[in-house]
Amino acid sequence: MERRSREVVNCPHCGSENPWAGETCLACSKGLTVYIGPASALPRKFGLGPLMVLVAVIAVGLGTVRLEPFLGAIMLIVMIA
């Protein structure tokens with residue numbers, strides 16, 4: 001039986017060896033972690049898209065508050081509700 005280094009892990013999708021600290025396989029680009037259990041237990045990952053939408057909404061809100069404070073206050077109340 002051949003002994004492997006602990007610094008290497010096999011991909012659960014294609015079987016190729018990868019560094020243990022990697023998140024995706026170097027050969028097939030799929031995740032190295034396999035979850036067994038309910039989908040609600042999966043970690044949430046947020047991408048760049050939702051962050052950019054949040055930045056845009058904040059920028060529009062601040063611009064509106066600067067130009068028309070009353071309209072900006074109404075917009076803020078509508079966004080919170």
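Everything quoted here is computed from the prediction, not taken from an experiment.
The SG atom of Cys14 sits 8.5 Å away from atom NZ of Lys30, with the distance rounded to the nearest 0.5 Å. Interatomic distance, CE of Met52 versus CG of Leu48, reported as 6.0 Å (0.5 Å rounding).
The minimum heavy-atom distance between Leu26 and Asn18, with the atom names listed, is N-OD1, 2.8 Å.
In this structure, His13 contributes its side chain and Cys28 its backbone to no donor-acceptor pair below 3.5 Å.
Linking ILVMFWY side-chain heavy atoms closer than 4.5 Å, directly or via other members, places Val57 and Val65 in two distinct hydrophobic clusters. Note: the hydrophobic cluster containing Ile74 does not contain Leu67 (ILVMFWY, side chain heavy atoms under 4.5 Å, direct or indirect links).
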